[in-house]
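Quick note on labels: first sequence line is chain A, next is B, and so on, each numbered from 1.
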Protein chains: 2
Amino acid sequence: MAEGTGGPGGGESLLFLTDEQLRKGIEAMFFAYRAFTADPDRILEGMDYGRAHHRAIHFIHRSPGTTVTNLLSVLGVTKQSLNRVLRRLIKDGLVESRVGRQDKRERHLVLTGKGAALERELSDAQRARMRAAYRAAGPAAVQGFRQVLEAMMDPQLRRQYQTLKEAGS
Amino acid sequence: MAEGTGGPGGGESLLFLTDEQLRKGIEAMFFAYRAFTADPDRILEGMDYGRAHHRAIHFIHRSPGTTVTNLLSVLGVTKQSLNRVLRRLIKDGLVESRVGRQDKRERHLVLTGKGAALERELSDAQRARMRAAYRAAGPAAVQGFRQVLEAMMDPQLRRQYQTLKEAGS
DNA sequence: CTTGGAAAGTCAACAAGGCTGACATAAACC
DNA sequence: GGTTTATGTCAGCCTTGTTGACTTTCCAAG
(Lines give C-alpha, C1' and ligand atoms only; values in the text may rest on other atoms or scores of the structure.)
Protein backbone atom coordinates (compact mmCIF):
# COMPACT_ATOMS: atom_id res chain seq x y z
CA MET A 1 0.00 0.00 0.00
CA ALA A 2 2.70 2.54 -0.93
CA GLU A 3 0.19 4.69 -2.74
CA GLY A 4 0.50 7.87 -0.75
CA THR A 5 1.25 9.99 -3.78
CA GLY A 6 -2.20 9.94 -5.30
CA GLY A 7 -2.37 13.55 -6.36
CA PRO A 8 -4.39 14.74 -9.33
CA GLY A 9 -1.40 14.28 -11.56
CA GLY A 10 -2.59 11.21 -13.41
CA GLY A 11 -0.52 8.22 -14.40
CA GLU A 12 1.84 7.62 -11.50
CA SER A 13 0.60 4.31 -10.12
CA LEU A 14 -1.96 2.56 -12.21
CA LEU A 15 -1.64 -0.88 -10.68
CA PHE A 16 -5.09 -0.56 -9.15
CA LEU A 17 -6.60 -0.06 -12.58
CA THR A 18 -5.85 -3.53 -13.92
CA ASP A 19 -8.77 -5.44 -15.40
CA GLU A 20 -8.36 -7.84 -12.51
CA GLN A 21 -8.86 -5.09 -9.94
CA LEU A 22 -11.78 -3.67 -11.86
CA ARG A 23 -13.44 -7.07 -12.08
CA LYS A 24 -13.14 -7.49 -8.34
CA GLY A 25 -14.83 -4.15 -7.86
CA ILE A 26 -17.64 -5.14 -10.22
CA GLU A 27 -18.25 -8.41 -8.42
CA ALA A 28 -18.04 -6.71 -5.03
CA MET A 29 -20.84 -4.37 -6.15
CA PHE A 30 -22.93 -7.31 -7.27
CA PHE A 31 -22.63 -9.30 -4.06
CA ALA A 32 -22.79 -6.29 -1.75
CA TYR A 33 -25.96 -4.99 -3.35
CA ARG A 34 -27.59 -8.35 -2.78
CA ALA A 35 -26.70 -8.18 0.88
CA PHE A 36 -27.74 -4.54 1.02
CA THR A 37 -31.31 -5.29 -0.06
CA ALA A 38 -31.62 -8.62 1.76
CA ASP A 39 -32.90 -7.33 5.11
CA PRO A 40 -35.71 -5.10 3.80
CA ASP A 41 -36.67 -7.81 1.30
CA ARG A 42 -37.01 -10.28 4.15
CA ILE A 43 -39.17 -7.92 6.19
CA LEU A 44 -41.40 -7.07 3.25
CA GLU A 45 -41.91 -10.58 1.95
CA GLY A 46 -45.17 -12.01 3.11
CA MET A 47 -46.66 -8.62 3.89
CA ASP A 48 -47.06 -8.42 0.13
CA TYR A 49 -44.84 -5.45 -0.47
CA GLY A 50 -41.68 -5.40 -2.56
CA ARG A 51 -38.63 -3.29 -3.16
CA ALA A 52 -40.65 -0.74 -5.09
CA HIS A 53 -42.75 -0.04 -2.02
CA HIS A 54 -39.64 0.23 0.11
CA ARG A 55 -38.09 2.79 -2.20
CA ALA A 56 -41.23 4.89 -2.30
CA ILE A 57 -41.53 4.82 1.48
CA HIS A 58 -37.85 5.67 1.92
CA PHE A 59 -37.93 8.76 -0.25
CA ILE A 60 -41.28 9.99 1.04
CA HIS A 61 -39.86 9.75 4.55
CA ARG A 62 -36.75 11.47 3.32
CA SER A 63 -38.58 14.41 1.74
CA PRO A 64 -41.98 14.71 3.37
CA GLY A 65 -44.49 16.55 1.22
CA THR A 66 -42.68 15.74 -2.00
CA THR A 67 -44.76 15.68 -5.16
CA VAL A 68 -45.40 12.69 -7.39
CA THR A 69 -43.35 14.16 -10.23
CA ASN A 70 -40.46 14.80 -7.90
CA LEU A 71 -40.56 11.25 -6.59
CA LEU A 72 -40.76 10.00 -10.16
CA SER A 73 -37.49 11.63 -11.09
CA VAL A 74 -35.71 10.40 -7.97
CA LEU A 75 -36.83 6.83 -8.45
CA GLY A 76 -36.33 6.78 -12.20
CA VAL A 77 -39.46 4.82 -13.09
CA THR A 78 -42.59 5.63 -15.06
CA LYS A 79 -45.55 7.25 -13.39
CA GLN A 80 -47.67 4.20 -14.13
CA SER A 81 -45.27 1.99 -12.21
CA LEU A 82 -45.07 4.40 -9.34
CA ASN A 83 -48.79 5.01 -9.37
CA ARG A 84 -49.58 1.34 -8.88
CA VAL A 85 -47.29 1.28 -5.86
CA LEU A 86 -48.60 4.55 -4.42
CA ARG A 87 -52.23 3.58 -4.87
CA ARG A 88 -51.55 0.48 -2.82
CA LEU A 89 -49.71 2.36 -0.09
CA ILE A 90 -52.46 4.97 0.13
CA LYS A 91 -55.20 2.32 0.20
CA ASP A 92 -53.38 0.52 3.00
CA GLY A 93 -53.03 3.72 4.98
CA LEU A 94 -49.24 4.03 4.92
CA VAL A 95 -49.08 7.14 2.77
CA GLU A 96 -51.28 10.19 2.64
CA SER A 97 -51.77 12.21 -0.54
CA ARG A 98 -52.57 15.85 0.05
CA VAL A 99 -53.79 18.19 -2.66
CA GLY A 100 -51.37 21.08 -3.08
CA ARG A 101 -52.32 24.45 -1.62
CA GLN A 102 -50.64 26.69 -4.16
CA ASP A 103 -51.00 24.33 -7.09
CA LYS A 104 -53.94 22.08 -6.52
CA ARG A 105 -52.88 19.72 -9.30
CA GLU A 106 -49.95 18.56 -7.25
CA ARG A 107 -50.26 15.84 -4.66
CA HIS A 108 -47.97 16.12 -1.68
CA LEU A 109 -47.02 12.77 -0.23
CA VAL A 110 -46.42 12.12 3.46
CA LEU A 111 -46.15 9.01 5.58
CA THR A 112 -48.89 8.25 8.10
CA GLY A 113 -47.99 6.95 11.54
CA LYS A 114 -48.34 3.45 10.23
CA GLY A 115 -46.16 4.25 7.23
CA ALA A 116 -43.51 5.86 9.41
CA ALA A 117 -43.49 2.76 11.62
CA LEU A 118 -42.77 0.50 8.66
CA GLU A 119 -40.14 2.94 7.39
CA ARG A 120 -38.41 2.76 10.75
CA GLU A 121 -38.44 -1.00 10.78
CA LEU A 122 -36.96 -1.16 7.29
CA SER A 123 -34.33 1.49 7.75
CA ASP A 124 -33.32 0.17 11.16
CA ALA A 125 -32.46 -3.13 9.53
CA GLN A 126 -30.61 -1.49 6.69
CA ARG A 127 -28.75 0.90 8.96
CA ALA A 128 -27.71 -1.90 11.27
CA ARG A 129 -26.01 -3.66 8.39
CA MET A 130 -24.39 -0.46 7.18
CA ARG A 131 -23.23 0.40 10.68
CA ALA A 132 -21.61 -3.00 11.11
CA ALA A 133 -19.86 -2.67 7.76
CA TYR A 134 -18.64 0.85 8.57
CA ARG A 135 -17.39 -0.28 11.94
CA ALA A 136 -15.56 -3.25 10.49
CA ALA A 137 -13.94 -1.19 7.74
CA GLY A 138 -13.06 1.96 9.67
CA PRO A 139 -13.49 5.70 9.00
CA ALA A 140 -10.92 5.99 6.22
CA ALA A 141 -12.53 3.14 4.32
CA VAL A 142 -15.96 4.73 4.69
CA GLN A 143 -14.72 7.90 3.12
CA GLY A 144 -13.26 5.97 0.19
CA PHE A 145 -16.43 3.95 -0.15
CA ARG A 146 -18.56 7.04 -0.61
CA GLN A 147 -16.03 8.71 -2.91
CA VAL A 148 -15.99 5.79 -5.31
CA LEU A 149 -19.77 5.40 -5.29
CA GLU A 150 -20.24 9.10 -6.04
CA ALA A 151 -17.68 8.99 -8.80
CA MET A 152 -19.56 6.09 -10.34
CA MET A 153 -22.80 8.03 -10.76
CA ASP A 154 -23.77 9.84 -13.92
CA PRO A 155 -23.75 13.62 -13.45
CA GLN A 156 -27.53 13.77 -13.38
CA LEU A 157 -27.81 11.02 -10.75
CA ARG A 158 -25.03 12.63 -8.77
CA ARG A 159 -26.88 15.90 -8.73
CA GLN A 160 -29.97 14.23 -7.33
CA TYR A 161 -27.90 12.44 -4.76
CA GLN A 162 -26.12 15.63 -3.75
CA THR A 163 -29.37 17.50 -3.45
CA LEU A 164 -30.75 14.84 -1.14
CA LYS A 165 -27.48 14.67 0.75
CA GLU A 166 -27.48 18.37 1.51
CA ALA A 167 -31.19 18.40 2.38
CA GLY A 168 -30.35 16.23 5.38
CA SER A 169 -28.77 17.32 8.67
CA MET B 1 -9.68 14.89 5.19
CA ALA B 2 -7.64 14.49 8.39
CA GLU B 3 -8.27 10.77 8.62
CA GLY B 4 -4.77 9.42 8.14
CA THR B 5 -4.84 7.60 11.46
CA GLY B 6 -7.39 5.00 10.53
CA GLY B 7 -5.67 2.07 12.17
CA PRO B 8 -7.44 -1.11 13.21
CA GLY B 9 -7.92 0.22 16.71
CA GLY B 10 -11.71 0.43 16.77
CA GLY B 11 -13.73 2.94 18.73
CA GLU B 12 -11.67 6.08 18.41
CA SER B 13 -14.03 8.27 16.39
CA LEU B 14 -17.62 7.15 16.11
CA LEU B 15 -18.89 10.39 14.67
CA PHE B 16 -19.19 8.75 11.29
CA LEU B 17 -21.78 6.30 12.59
CA THR B 18 -24.58 8.81 12.92
CA ASP B 19 -27.89 7.92 11.29
CA GLU B 20 -27.24 10.80 8.94
CA GLN B 21 -23.96 9.28 7.74
CA LEU B 22 -25.54 5.86 7.42
CA ARG B 23 -28.42 7.24 5.40
CA LYS B 24 -25.97 8.88 3.01
CA GLY B 25 -24.26 5.53 2.55
CA ILE B 26 -27.59 3.83 1.86
CA GLU B 27 -28.59 6.38 -0.73
CA ALA B 28 -25.16 6.30 -2.31
CA MET B 29 -25.56 2.54 -2.79
CA PHE B 30 -28.96 3.04 -4.38
CA PHE B 31 -27.86 5.64 -6.90
CA ALA B 32 -24.49 4.07 -7.61
CA TYR B 33 -26.00 0.69 -8.33
CA ARG B 34 -28.31 2.31 -10.85
CA ALA B 35 -25.35 3.85 -12.60
CA PHE B 36 -23.41 0.60 -12.30
CA THR B 37 -25.98 -1.37 -14.28
CA ALA B 38 -26.90 1.41 -16.70
CA ASP B 39 -24.29 0.71 -19.40
CA PRO B 40 -24.91 -3.04 -19.78
CA ASP B 41 -28.65 -2.42 -19.62
CA ARG B 42 -28.35 0.03 -22.48
CA ILE B 43 -26.34 -2.41 -24.59
CA LEU B 44 -28.70 -5.31 -23.92
CA GLU B 45 -31.95 -3.47 -24.49
CA GLY B 46 -33.25 -4.06 -27.95
CA MET B 47 -31.24 -7.22 -28.43
CA ASP B 48 -33.86 -8.71 -26.14
CA TYR B 49 -31.57 -9.72 -23.32
CA GLY B 50 -31.75 -8.44 -19.79
CA ARG B 51 -29.72 -8.25 -16.62
CA ALA B 52 -30.28 -11.94 -15.97
CA HIS B 53 -28.52 -12.84 -19.22
CA HIS B 54 -25.70 -10.47 -18.41
CA ARG B 55 -25.13 -12.07 -15.01
CA ALA B 56 -25.11 -15.57 -16.46
CA ILE B 57 -22.66 -14.55 -19.18
CA HIS B 58 -20.43 -12.78 -16.70
CA PHE B 59 -20.06 -15.74 -14.38
CA ILE B 60 -19.69 -18.31 -17.16
CA HIS B 61 -16.89 -16.19 -18.58
CA ARG B 62 -15.48 -15.90 -15.11
CA SER B 63 -15.49 -19.63 -14.41
CA PRO B 64 -15.48 -21.45 -17.74
CA GLY B 65 -16.79 -25.00 -17.48
CA THR B 66 -18.80 -24.25 -14.35
CA THR B 67 -21.82 -26.46 -13.73
CA VAL B 68 -25.43 -25.37 -13.57
CA THR B 69 -25.67 -26.04 -9.83
CA ASN B 70 -22.56 -24.00 -9.21
CA LEU B 71 -23.90 -21.08 -11.23
CA LEU B 72 -27.20 -21.38 -9.40
CA SER B 73 -25.56 -20.83 -6.04
CA VAL B 74 -23.47 -17.89 -7.27
CA LEU B 75 -26.45 -16.15 -8.80
CA GLY B 76 -28.85 -16.93 -5.98
CA VAL B 77 -31.88 -17.73 -8.14
CA THR B 78 -33.95 -20.84 -8.74
CA LYS B 79 -33.03 -23.35 -11.39
CA GLN B 80 -36.25 -22.58 -13.25
CA SER B 81 -35.29 -18.93 -13.53
CA LEU B 82 -31.75 -19.71 -14.59
CA ASN B 83 -32.88 -22.40 -16.97
CA ARG B 84 -35.09 -20.04 -18.89
CA VAL B 85 -32.14 -17.73 -19.37
CA LEU B 86 -29.65 -20.48 -20.22
CA ARG B 87 -31.98 -22.14 -22.73
CA ARG B 88 -32.17 -18.86 -24.56
CA LEU B 89 -28.42 -18.28 -24.51
CA ILE B 90 -27.74 -21.83 -25.76
CA LYS B 91 -30.38 -21.56 -28.49
CA ASP B 92 -28.84 -18.28 -29.65
CA GLY B 93 -25.37 -19.81 -29.73
CA LEU B 94 -23.77 -17.71 -27.00
CA VAL B 95 -23.27 -20.54 -24.52
CA GLU B 96 -22.34 -24.16 -25.01
CA SER B 97 -23.47 -26.89 -22.61
CA ARG B 98 -21.13 -29.89 -22.44
CA VAL B 99 -21.99 -33.16 -20.74
CA GLY B 100 -19.54 -33.89 -17.93
CA ARG B 101 -16.81 -36.45 -18.53
CA GLN B 102 -16.45 -37.76 -15.00
CA ASP B 103 -20.02 -37.18 -13.96
CA LYS B 104 -22.30 -37.31 -16.93
CA ARG B 105 -25.19 -35.74 -15.04
CA GLU B 106 -23.38 -32.43 -14.94
CA ARG B 107 -23.47 -29.86 -17.70
CA HIS B 108 -20.38 -27.73 -18.07
CA LEU B 109 -21.08 -24.26 -19.40
CA VAL B 110 -18.71 -22.30 -21.62
CA LEU B 111 -19.06 -19.22 -23.78
CA THR B 112 -18.84 -19.60 -27.55
CA GLY B 113 -16.93 -17.05 -29.60
CA LYS B 114 -20.12 -15.10 -30.05
CA GLY B 115 -20.83 -15.27 -26.33
CA ALA B 116 -17.33 -14.14 -25.47
CA ALA B 117 -17.70 -11.21 -27.85
CA LEU B 118 -20.84 -10.01 -26.10
CA GLU B 119 -19.22 -10.54 -22.72
CA ARG B 120 -16.34 -8.34 -23.80
CA GLU B 121 -18.64 -5.62 -25.01
CA LEU B 122 -20.57 -5.64 -21.73
CA SER B 123 -17.60 -5.80 -19.42
CA ASP B 124 -15.69 -3.19 -21.39
CA ALA B 125 -18.50 -0.76 -20.74
CA GLN B 126 -18.76 -1.67 -17.08
CA ARG B 127 -15.00 -1.57 -16.59
CA ALA B 128 -14.74 1.81 -18.25
CA ARG B 129 -17.14 3.26 -15.73
CA MET B 130 -15.39 1.57 -12.84
CA ARG B 131 -12.01 2.72 -14.11
CA ALA B 132 -13.17 6.31 -14.32
CA ALA B 133 -14.57 6.12 -10.79
CA TYR B 134 -11.38 4.55 -9.45
CA ARG B 135 -9.27 7.16 -11.15
CA ALA B 136 -11.37 10.00 -9.83
CA ALA B 137 -11.35 8.65 -6.28
CA GLY B 138 -7.76 7.43 -6.03
CA PRO B 139 -6.12 4.22 -4.77
CA ALA B 140 -6.81 4.75 -1.08
CA ALA B 141 -10.49 5.31 -1.75
CA VAL B 142 -10.62 2.17 -3.86
CA GLN B 143 -9.28 0.13 -1.02
CA GLY B 144 -11.88 1.55 1.35
CA PHE B 145 -14.60 1.01 -1.19
CA ARG B 146 -13.86 -2.69 -1.43
CA GLN B 147 -13.43 -3.07 2.32
CA VAL B 148 -16.85 -1.63 3.06
CA LEU B 149 -18.54 -3.67 0.34
CA GLU B 150 -16.99 -6.87 1.63
CA ALA B 151 -17.95 -6.06 5.20
CA MET B 152 -21.52 -5.56 4.05
CA MET B 153 -21.88 -9.08 2.69
CA ASP B 154 -23.32 -11.95 4.67
CA PRO B 155 -20.67 -14.54 5.54
CA GLN B 156 -22.00 -16.95 2.94
CA LEU B 157 -21.97 -14.35 0.19
CA ARG B 158 -18.55 -13.20 1.27
CA ARG B 159 -17.24 -16.72 0.97
CA GLN B 160 -18.51 -16.97 -2.58
CA TYR B 161 -17.03 -13.61 -3.43
CA GLN B 162 -13.69 -14.53 -1.89
CA THR B 163 -13.58 -17.82 -3.75
CA LEU B 164 -14.15 -16.03 -7.02
CA LYS B 165 -11.69 -13.33 -6.10
CA GLU B 166 -8.90 -15.80 -5.49
CA ALA B 167 -9.73 -17.82 -8.57
CA GLY B 168 -8.73 -14.81 -10.66
CA SER B 169 -5.27 -13.43 -11.40
C1' DC C 1 -63.01 34.05 -20.98
C1' DT C 2 -61.08 30.67 -23.56
C1' DT C 3 -57.77 27.63 -24.67
C1' DG C 4 -53.20 25.32 -24.46
C1' DG C 5 -50.49 22.60 -21.84
C1' DA C 6 -48.70 20.70 -17.49
C1' DA C 7 -49.65 17.61 -13.55
C1' DA C 8 -51.85 13.79 -12.06
C1' DG C 9 -54.45 9.69 -12.36
C1' DT C 10 -56.49 5.57 -14.75
C1' DC C 11 -57.11 1.58 -17.84
C1' DA C 12 -55.32 -1.98 -20.79
C1' DA C 13 -51.88 -4.79 -22.42
C1' DC C 14 -47.49 -6.70 -22.33
C1' DA C 15 -42.63 -8.54 -20.95
C1' DA C 16 -38.80 -9.79 -17.96
C1' DG C 17 -37.57 -12.28 -14.45
C1' DG C 18 -38.35 -13.72 -9.97
C1' DC C 19 -41.08 -17.62 -7.44
C1' DT C 20 -43.47 -22.50 -6.27
C1' DG C 21 -44.91 -27.14 -7.29
C1' DA C 22 -44.87 -31.26 -9.84
C1' DC C 23 -42.75 -34.39 -12.65
C1' DA C 24 -39.15 -36.85 -15.84
C1' DT C 25 -34.71 -38.57 -16.80
C1' DA C 26 -30.17 -40.08 -16.26
C1' DA C 27 -26.35 -41.08 -13.61
C1' DA C 28 -24.03 -41.92 -9.49
C1' DC C 29 -23.82 -44.03 -5.07
C1' DC C 30 -24.70 -47.39 -1.50
C1' DG D 1 -32.40 -52.28 -6.46
C1' DG D 2 -33.36 -48.14 -4.11
C1' DT D 3 -31.95 -43.45 -3.03
C1' DT D 4 -29.89 -39.31 -3.98
C1' DT D 5 -28.13 -35.82 -7.11
C1' DA D 6 -28.05 -32.97 -11.30
C1' DT D 7 -30.61 -31.30 -14.72
C1' DG D 8 -34.47 -30.04 -17.46
C1' DT D 9 -39.24 -28.82 -18.27
C1' DC D 10 -44.25 -27.64 -17.83
C1' DA D 11 -47.68 -24.79 -15.70
C1' DG D 12 -48.97 -21.03 -13.14
C1' DC D 13 -48.32 -17.07 -10.17
C1' DC D 14 -46.41 -12.35 -8.63
C1' DT D 15 -43.91 -7.96 -8.80
C1' DT D 16 -42.36 -4.43 -11.26
C1' DG D 17 -40.98 -2.51 -15.17
C1' DT D 18 -42.68 -0.83 -20.00
C1' DT D 19 -46.00 1.81 -23.81
C1' DG D 20 -50.08 3.90 -25.40
C1' DA D 21 -54.42 6.09 -24.96
C1' DC D 22 -57.36 8.74 -22.39
C1' DT D 23 -59.51 11.83 -18.65
C1' DT D 24 -59.63 15.31 -15.17
C1' DT D 25 -57.93 19.22 -13.01
C1' DC D 26 -56.22 23.55 -13.08
C1' DC D 27 -52.67 27.27 -14.00
C1' DA D 28 -51.51 30.75 -17.13
C1' DA D 29 -51.13 33.10 -21.45
C1' DG D 30 -53.55 35.12 -25.03
### Query
A:F145 and side chain to side chain contact (heavy atoms under 4.5 Å, CB included): which partner among B:Q143, B:M152, B:R146?
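Output: one option passes, namely B:M152.
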Have [X] and [Y] got a donor and an acceptor in their side chains that come within less than 3.5 Å?
X: B:R107; Y: B:T67; value: no
X: B:E96; Y: B:H108; value: no
X: A:E119; Y: A:H54; value: no

#### Entry: Between B:F59 and A:F30, ring centroids under 6.0 Å
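Yes, close enough.
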What integer distance in Å separates [X]:[atom1] from [N]:[atom2]?
X: B:D48; N: C:dG17; atom1: CG; atom2: C1'; result: 13 Å
X: B:E45; N: C:dA15; atom1: CD; atom2: P; result: 16 Å
X: B:H54; N: C:dA16; atom1: NE2; atom2: C1'; result: 16 Å
X: B:L86; N: D:dA6; atom1: CG; atom2: P; result: 16 Å
X: B:L44; N: C:dA15; atom1: CG; atom2: C1'; result: 15 Å
X: B:L71; N: D:dA6; atom1: CG; atom2: P; result: 14 Å
X: B:L72; N: C:dG17; atom1: CG; atom2: P; result: 16 Å
X: A:M47; N: D:dC14; atom1: CE; atom2: C1'; result: 17 Å

Contacts under 3.5 Å, N or O only, protein and nucleotides 1-3 of chain C:
none

### Task
Check A:R158 against A:E150 and note the closest heavy-atom contact, atom names and distance.
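Scanning both residues completely, I find the closest heavy atoms to be NH1-O, 2.7 Å.
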### Task
Specify the closest pair of heavy atoms between A:T37 and A:R51, including all atoms of both residues, with the distance to one decimal.
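Taking A:T37 first and A:R51 second, the nearest heavy atoms are OG1-NH2, 3.2 Å.
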### Query
Tell me, for nucleotides 18-30 of chain C in 5' to 3' order, what letter each nucleotide earns: B for a base near a protein heavy atom under 4.0 Å, S for only sugar-phosphate near one, - for neither?
BBBBB----BS--
### Query
In chain order, what residues pass the side-chain hydrogen bond (donor to acceptor under 3.5 Å, both in side chains) check against A:Y33, with sequence neighbours excluded?
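Applying side-chain hydrogen bond (donor to acceptor under 3.5 Å, both in side chains) to A:Y33 gives none.
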### Message
Need to verify one output field. Residue with the more 5' nearest nucleotide on DNA chain D, B:R107 or A:R88?
### Response
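Counting from the 5' end, the first nearest nucleotide belongs to B:R107.
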### Task
Say whether A:L71 and A:V99 are linked into one hydrophobic cluster, either directly or through other cluster members, by side-chain heavy-atom distances under 4.5 angstrom.
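Cluster IDs for A:L71 and A:V99 differ.
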### Task
Ignoring backbone atoms, test whether A:H53 places a side-chain nitrogen or oxygen under 4.0 Å from the OP1 or OP2 oxygen of D:dT16.
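Affirmative; the distance criterion is met.
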### Query
To the side chain of A:E106, which of C:dA7, C:dG9, D:dT9 is closest?
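Nearest to the side chain of A:E106 among the choices is C:dA7.
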